[in-house]
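Worksheet for the structure shown next.
The chains referred to below are lettered A, B, ... by the order of the sequence lines, with proteins before strands, and numbering in each begins at 1.
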Amino acid sequence: HSADYFDFAGCADKEAAVKLLQEAFDNGLIEKVTYDAKRALHLLTPLGIKLEALHDDVLLQAYLLDGERGNYDLLELGCSYLNSSLMADRENALAQAADITLQLCDQLNPRMSEMQVDKVYRDIELPIVPVLYDIERAGFLVDTKVLAELSVVMDAEITRLTQAIYQLAGREFNVGSPAQLGDIFEELNFEVSKRTTTGKISTSRDVLDELAEKYELPRLIIEHRELAKLKGTYVDAFPSLVNAQTGRIHTTLNQTIAATGRLSSTDPNLQNIPIRTEMGRRIRRAFIPADGCVLLSADYSQIELRLLAHVTQDPVMLESFKHNEDIHERTARAVFKARTPEELKEKRRVAKIVNFGIAYVIGPFGLAQRTGLSRHEAKKVIEDYYATYKGVKKFMDELPQQARDAGDIVRSIYGRMRRLPDLSNRNGQLRARAEREAVNMPMQGSASDIVKLAMLHVDAALKREKLHAKMILQVHDELVFEVPRDEVERTGTVVKEAMEQAIKIDVPLLVEIGLGDNWMSAKP
DNA sequence: ACGATCACGC
DNA sequence: TCCGAACGTGATCGTT
């Protein structure tokens with residue numbers, strides 16, 4: 001095997017060049033090693049060149065060996081993993097890049113086997129590259145007319161709020177500046193205790209919420225911030241991101257960013273489109289299907305809590321999911337002793353917060369803040385929770401030491417690895433953080449394994465069934481498809497089945513399917 | 001250019 | 001005494 005390079009940009013006869021490249025890339029007998037295969041697909045596909053026999057991607061290899069190194073520049077990787085004598089300059093940068101890529105591949109493959117991340121690499125990360133590429137290329141259709149109208153409405157509302165804020169503040173200032181707002185709070189003699197790490201008065205949401213009980217100004221600031229955020233980040237930003245050729249928005253799905261194996265989305269981030277507030281939902285309604293199509297959203301129900309049951313083997317939680325109970329209701333009854341329907345309704349809300357909080361190893365302080373309970377009550381709730389779900393307690397207690405014994409490493413169920421050197425740090429605060437990250441990894445990491453596996457299975461199933469649905473987005477536990485109207489029913493069945501059977505664990509996986517003429521109404 | 005702060009999602 | 005819930009992206013401010 002050998003590394004070679006070809007200077008396409010500096011090539012006079014592009015047509016002849018493409019033909020040459022095609023012969024090499026199309027040939028399934030010639031195994032290819034890339035640095036960033038998804039980018040290669042973006043370059044090759046528009047030229048009509050297929051990439052066959054993708055054998056390795058050193059970018060993915062480096063990520064799976066160390067998901068937190070942040071810098072995956074090819075030369076940096078070379079410095080880390082190659083003997084410096086092998087980094088000798090070649091005739092030019094292209095030649096050196098090709099050379100380093102192949103050398104890295106030879107170095108990293110044995111390391112992957114050693115660290116047992118070859119399975120997640122071969123079964124998940126490498127095969128999902130073309131699926132991610134297809135999603136990026138497909139794009140999401142956005143109704144820019146809806147956004148334009150929304151922009152006008154929001155602008156008027158922001159102007160109205162700004163004037164009212166000036167009135168209450170007694171003078172004009174930059175409402176968008178936390179520092180200037182802090183000064184105003186001081187001038188008005190608001191009792192503000194909380195400070196930021198740099199010593200300034202905090203104007204964070206929870207401070208505003210507290211002040212809002214007594215004053216009008218913070219209430220208006222909260223409204224202003226919400227609108228300014230939604231308008232600036234989404235409504236006004238999206239129209240310029242519509243691709244002129246396709247008329248659609250094409251995000252980039254980053255495969256080598258998140259420490260837990262999740263994808264991330266940039267330019268724009270389509271994984272944080274609002275849904276909570278009414279204004280937010282109006283933005284979501286601007287995301288629509290193409291003519292003749294419907295949007296289909298498929299959500300894993302409680303995937304992280306199901307994984308909590310699976311990895312902790314907690315008998316109560318396992319049984320609850322096996323009987324397809326509402327886990328929040330179960331918690332409301334078992335932990336909060338809800339008996340009547342009224343009690344159940346009220347306690348379910350808090351139970352839900354606790355259930356999710358557990359996955360992040362929430363403490364009494366955090367739980368109190370999010371539920372309105374006193375710290376004392378919150379402490380009691382957590383104790384009761386662990387008394388009910390004893391397996392969860394045992395897992396939380398034992399996992400950090402297990403991870404230390406494994407060399408400060410935690411893994412997802414598919415073998416994805418996260419290094420947490422701070423598990424052995426003498427600084428208690430850093431160590432506590434690492435312990436929370438350790439406990440969270442089996443859930444969040446395994447969830448991302450499963451969703452990626454599901455994407456592979458769905459992709460294969462749609463092809464096998466000759467369905468024309470296009471996968472157009474992944475949002476951690478949700479897949480979004482654009483589906484021709486006459487195939488909606490069959491597609492729904494195929495998608496649900498492929499996702500629910502993506503992997504066998506000790507609890508059933510449940511997928512909820514929703515259909516709609518926009519992303520909001522498609523949410524189940 | 002960069003850190004700090006804030007707010008959106010899961 | 002301090003912190004206080006995991007993983008992300010990005011806008012804005014204000015300083016360098």
Side-chain angles (χ1 to χ4, degrees), chain A residues 67-68 173-182 194-208 221-238 241 251-254 256-277 279-281 283-284 299-300 302-305 308 353-371 375 378-379 382 410 418 420 427-445 447-448 451 473-478 519 523:
Chain A
E68 278 167 295
F173 68 104
N174 185 345
V175 183
S177 164
Q180 292 183 36
L181 180 60
K194 225 179 125 192
R195 303 251 159 192
T196 66
T197 46
T198 49
K200 297 202 165 66
I201 291 169
S202 171
T203 67
S204 64
R205 178 58 192 266
D206 50 322
V207 171
L208 294 181
I221 297 285
I222 290 169
E223 276 188 69
H224 184 281
R225 277 193 182 164
E226 183 203 335
L227 289 176
K229 166 76 178 178
L230 297 183
K231 184 168 186 288
T233 308
Y234 307 103
V235 176
D236 290 348
F238 283 159
L241 292 165
T251 187
T252 300
L253 293 174
N254 308 296
T256 60
I257 299 286
T260 53
R262 276 187 172 188
L263 298 176
S264 80
S265 162
T266 49
D267 306 309
N269 181 355
L270 293 186
Q271 291 181 324
N272 73 343
I273 303 302
I275 194 166
R276 232 183 52 253
T277 63
M279 235 1 141
R281 290 191 281 271
I283 294 174
R284 214 167 250 252
D299 270 50
Y300 276 109
Q302 319 283 12
I303 189 166
E304 290 201 8
L305 284 174
L308 181 62
I353 296 171
V354 180
N355 279 328
F356 287 128
I358 285 304
Y360 311 136
V361 205
I362 200 171
F365 180 92
L367 184 61
Q369 196 159 358
R370 283 164 182 79
T371 56
R375 278 181 65 175
K379 187 162 172 283
I382 291 171
V410 276
R418 180 170 186 185
L420 291 165
N427 178 328
Q429 205 172 309
L430 291 179
R431 198 172 59 243
R433 186 186 171 90
E435 289 179 354
R436 289 196 301 273
E437 292 168 340
V439 167
N440 178 255
M441 174 67 183
M443 284 167 273
Q444 195 176 124
S448 57
V451 177
L473 197 60
Q474 187 249 53
V475 190
H476 309 308
D477 62 358
E478 172 191 14
W519 194 5
K523 285 293 279 183

- Task: Grab the CZ-C1' distance between A/F356 and C/dC7 for me, whole Å please.
- Result: 15 Å

- Encode nucleotides 8-16 of chain C as B, S and - characters from 5' to 3', where the letter depends on protein heavy atoms closer than 4.0 Å: B to the base, S only to sugar-phosphate, - to neither. BBBS-SS--

- Who pairs with A/Q369 by side chain to side chain donor-acceptor pair (under 3.5 Å), at least two apart in sequence or on another chain? A/D206

- Pairwise distance CD(A/E68) to CD(A/E437) - rounded to 0.5 angstrom: 6.5 Å

- Query: For the residue pair A/G176 and A/N174, what are the closest heavy atoms and their distance?
  - Reply: N-OD1, 2.9 Å

- Task: For A/Q474 and C/dC7, give me the distance from atom CD to atom P, rounded to whole Å.
- Result: 17 Å

- Message: Students often get this wrong, so: under 4.0 angstrom with heavy atoms, is A/E226 touching a base, only sugar-phosphate, or nothing?
- Response: sugar-phosphate

- Message: Restricting to side chain to side chain donor-acceptor pair (under 3.5 Å), what partner residues turn up for A/S202, sequence neighbours left out?
- Response: A/S204

- Query: Pick one: which of A/T260, A/L308, A/I358 meets side-chain contact (heavy atoms from CB on, under 4.5 Å) with A/M443?
  - Reply: A/L308

- Query: Using the P atom in both, what is the distance from B/dC6 to C/dG4, to the nearest Å?
  - Reply: 14 Å

- Query: Within the pair A/R195 and C/dC2, is there a side-chain N or O less than 4.0 Å away from OP1 or OP2?
  - Reply: no

- Message: At less than 4.0 Å, is any side-chain N or O atom of A/R436 found next to OP1 or OP2 of C/dC7? Yes or no.
- Response: no

- Note on the structure: Taken in chain and number order and not counting sequence neighbours, the residues that satisfy ring-ring contact (aromatic ring centres under 6.0 Å, His included) with A/F365 are none

- Task: Indicate, with a heavy-atom threshold strictly under 4.0 Å, whether A/Q444 touches base, sugar-phosphate, or nothing.
- Result: base

- Item | Side-chain-base donor-acceptor pair under 3.5 Å for A/E437 and C/dA6 | no

- List the atom of A/V475, the atom of A/L473, and the distance in Å for their closest heavy-atom pair. CG2-CD2, 3.7 Å

- Task: Walking along DNA chain B from 5' to 3', note the first and the last nucleotide with an atom under 4.0 Å from a heavy atom of chain A, and give both.
- Result: B/dA4 to B/dC10

- Query: Partners of A/D236 by salt bridge (Lys or Arg N to Asp or Glu O under 4.0 Å), sequence neighbours excluded?
  - Reply: A/K231

- Task: Considering only atom P, compute the distance from B/dT5 to C/dC3 and round it to an integer number of Å.
- Result: 12 Å

- Measure from CG on A/L430 to C1' on C/dG4 and round the result to the nearest Å. 15 Å

- Pairing partner (Watson-Crick or G-U wobble, both distances under 3.5 angstrom) of B/dG3: C/dC13

- Task: Identify the two heavy atoms, one from A/A378 and one from A/A368, that lie closest to each other, and give their separation to 0.1 Å.
- Result: CB-N, 3.8 Å

